[in-house]
*Asks:* 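Got a structure for you, questions after.
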Amino acid sequence: EGWEAAGPSEGRTLAAVRLHRQLALTEWDRGRFDVAIAHLKAGMAFLTEGSTGRSADQEIADLHYAHFNILSRLGDLAGMADTAAELAAIGERLATGRARAEATLAVCSAYLWQGDIKNARESAERVLLAAESFSEGQDLDTCCRAHVMLVMVGMRIGDATIVTFPGEL
């Protein structure tokens, strides 16, 4: 997706960014945290060297989301809040369901980590409502992650009835 619109050098840049993101997540899983962060920074450096447009914005969003996940694993609440805010701005700029959902899930997770259960629940419910409007089958993963967030909220407040299914909100 987006390869047709990207010029030859931009296509290679976006492929390199995607590779750095995947390597960052792989290195994290291997327990090599410094190497993971270095790959994220390298991916960002590729994007700041001149890639612009929708494809680059989506790659920036994907890198920020990977960075957010690593920060959450580290328990870096301030970094999570900053990255969630950046994701929200990118989601608005891209104006796609996926980008907005990813940003809202990050914001939801940051709220949950901060103990702001009310806003965490509202964010997860917004993602579920938005995911229902996606094209059929477009993003089951987003729905599942929103449900996981609702389950986590329910566990925090001791309310199993908080979990809803599409169409019940």
*Asks:* To the nearest 0.5 angstrom, please state how far the CG atom of Asn119 sits from the OH atom of Tyr111.
*Replies:*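 Asn119 CG to Tyr111 OH: 4.5 Å, rounded to 0.5 Å.
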*Asks:* Nearest 0.5 angstrom please: Glu122 CD to Asp116 CG, how far?
*Replies:*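 Answer for the CD-CG pair, Glu122 versus Asp116, is 8.5 Å.
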*Asks:* So, does Arg156 use its side chain to make a donor-acceptor pair with the main chain of Gly115 at under 3.5 Å?
*Replies:*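 No, because the side chain of Arg156 does not come within donor-acceptor range (under 3.5 Å) of the backbone of Gly115.
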*Asks:* With clusters defined by side-chain heavy atoms of hydrophobic residues (ILVMFWY) lying less than 4.5 Å apart, directly or transitively, does Phe33 cluster with Ile37?
*Replies:*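 Yes; tracing contacts between hydrophobic side chains, which count when under 4.5 Å, links both residues.
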*Asks:* For a quick test of reading the model, state the closest non-hydrogen atom pair linking Ala42 to His20 and the distance between them.
*Replies:*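 Closest pair (atom of Ala42, atom of His20, distance): CB-CE1, 3.5 Å.
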*Asks:* Please name the pair of heavy atoms, one in Val107 and one in Ser123, separated by the smallest distance, quoted to 0.1 Å.
*Replies:*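 Distance-wise, the nearest heavy atoms are CG1-OG, 4.2 Å.
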*Asks:* Would you list the pairs meeting side chain to side chain donor-acceptor pair (under 3.5 Å) in which at least one residue belongs to residues 21-32, sequence neighbours left out?
*Replies:*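 Side chain to side chain donor-acceptor pair (under 3.5 Å) check on residues 21-32 returns Glu27-Arg30, Glu27-Arg32.
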*Asks:* Could you grab the distance from atom CG of Leu14 to atom CD of Glu59, nearest 0.5 Å is fine?
*Replies:*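 The CD atom of Glu59 is 5.5 Å from CG of Leu14, to the nearest 0.5 Å.
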*Asks:* So how far is it from Arg12 CZ to Leu19 CG, rounded to the nearest 0.5 Å?
*Replies:*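 Result: 15.0 Å between the selected atoms.
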*Asks:* What are the two closest heavy atoms between Gln114 and Leu77, and how far apart are they?
*Replies:*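 So the minimum-distance heavy-atom pair works out to NE2-O, 4.3 Å.
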*Asks:* Compare every heavy atom of Ala61 with every heavy atom of Ile90, then report the nearest pair and how far apart it is.
*Replies:*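 Of all heavy-atom pairs spanning Ile90 and Ala61, the closest is CG2-CB, 3.6 Å.
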*Asks:* If hydrophobic clusters are built from ILVMFWY residues whose side chains come within less than 4.5 Å, do Val148 and Tyr65 share one?
*Replies:*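 Linked, Val148 and Tyr65 end up in one cluster.
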*Asks:* Check Met80 against Trp113 and note the closest heavy-atom contact, atom names and distance.
*Replies:*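 That closest heavy-atom pairing would be CE-CD1, 3.4 Å.
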*Asks:* Is there a side-chain contact between Met44 and Leu63 (heavy atoms, below 4.5 Å)?
*Replies:*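 SC-SC contact between Met44 and Leu63 confirmed.
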*Asks:* How close do Leu87 and Ala106 get, counting heavy atoms only, and between which atoms?
*Replies:*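 Looking at all heavy atoms of both residues, the closest pair is CD1-CB, 3.7 Å.
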*Asks:* Rounded at 0.5 Å granularity, tell me how far CG in Leu105 sits from CG in Asn69.
*Replies:*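 That separation rounds to 10.0 Å.
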*Asks:* Taking atom NE2 of His39 and atom CG of Leu23, what is their separation to the nearest 0.5 Å?
*Replies:*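 So the NE2 of His39 and the CG of Leu23 are separated by 4.5 Å.
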*Asks:* Are any non-hydrogen side-chain atoms of Asp62 and Arg18 less than 4.5 angstrom apart?
*Replies:*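 Not touching, per the 4.5 Å side-chain cut-off.
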